[in-house]
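Keep in mind that the numbers below use all heavy atoms, side chains included, and drop hydrogens, waters and symmetry copies. One-based numbering, in listed order, for ligands and for the atoms of each.
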Amino acid sequence: MLAVDQEKASAAELLEWAIREFGDSLAISTSFQSEGMVILDMAARISPGVHVFTLDTGRLPEETYRMMETVRERYGIRVETVSPDPAEVEGMIALHGPNLFYREVPLRMLCCQIRKVRPLERKLAGFKAWVVGLRRDQNESRADVRKVEQSEGRLKLSPLADWTAEQVQQYIRANNVPQHPLYAAGYKSIGCEPCTRAVSAGEDERAGRWWWELDADKECGIHFSPEGKAERKLDVLLSEILEARRA
Ligand code: SF4
């Protein structure tokens with residue numbers, strides 16, 4: 001496929017191309033939300049042996065672990081769990097407590113760095129291409145997502161970038177794709193248990209993520225890096241943990 005075609009390709013075409021082009025050097029990451037399940041369903045039809053992993057932050061809701069079991073049973077895909085460095089988690093909790101994220105945005109970002117971003121970076125070091133479930137209309141910060149882009153030295157693919165929430169639901173209904181149980185409880189976006197809640201009808205899709213933060217982006221740092229003051233404070237907080245670990 002020529003580079004110019006990638007933005008026009010359908011989700012299935014793009015996935016098929018990526019699986020063929022990169023083989024074992026391609027990884028799909030999922031948190032078992034609707035978009036991730038659509039991608040898993042498509043990928044399982046193309047190549048059931050495709051490499052799939054999920055970030056197990058240690059703070060996931062029980063329902064997410066049930067989804068891991070569901071995926072194994074339905075698709076026969078072995079989902080690899082990627083965990084944070086226990087020493088970094090211990091250091092963070094020793095300095096700031098287990099529920100640091102409720103106190104201020106940089107502390108929440110620190111927790112996301114240690115439990116999500118750093119484990120992801122370690123995991124992706126072995127791959128040339130990475131597939132994610134981002135959609136442009138999920139929120140403002142995702143409006144410019146491209147289907148294929150270079151990110152941190154590898155190709156990042158968002159096959160559903162131009163899909164709407166309704167298209168995702170149509171695919172799920174048409175293909176009887178398993179759904180995360182928390183959607184039935186009013187959740188629209190699902191992450192760690194202490195940082196996610198159900199939302200009311202009409203609220204933004206990601207309004208239930210870090211709902212106590214009124215001015216921050218609803219992002220964990222995996223797809224979009226923090227900027228400005230929050231980034232500088234996060235750097236300081238992270239250095240403290242890493243230095244304490246080295247001491
Ligand atoms: Fe920590 Fe919450 Fe981020 Fe999960 S979502 S890593 S618990 S701050």
query = By number and element, which atoms of ligand 1 are closer than 4.0 Å to a non-hydrogen atom of Arg108?
reply = 8 (S)
ask   = For residues 63-110, which residue pairs qualify under ring pair (Phe, Tyr, Trp, His ring centres under 6.0 Å), counting only residues two or more places apart or in two chains?
value = Tyr102-Trp212
request  = For Thr164 and Gln167, indicate whether the former's side chain and the latter's backbone hold a donor-acceptor pair under 3.5 Å.
outcome  = yes
ask   = Is there a donor-acceptor contact under 3.5 Å from the side chain of Glu63 to the main chain of Pro181?
value = no
request  = Could you point out which residue of Asp85, Leu242, Thr57, Leu238 forms a side-chain contact (heavy atoms from CB on, under 4.5 Å) with Ile114?
outcome  = Leu238
ask   = Any chance the side chains of Gln33 and Ser31 put a donor and an acceptor closer than 3.5 Å?
value = yes
key: Ring centre gap for Phe127 and His51 strictly below 6.0 Å   = yes
query = Listing residue and atom name, which protein N/O/S atoms are closer to atom 4 (Fe) of ligand 1 than 2.8 Å?
reply = Cys192 SG
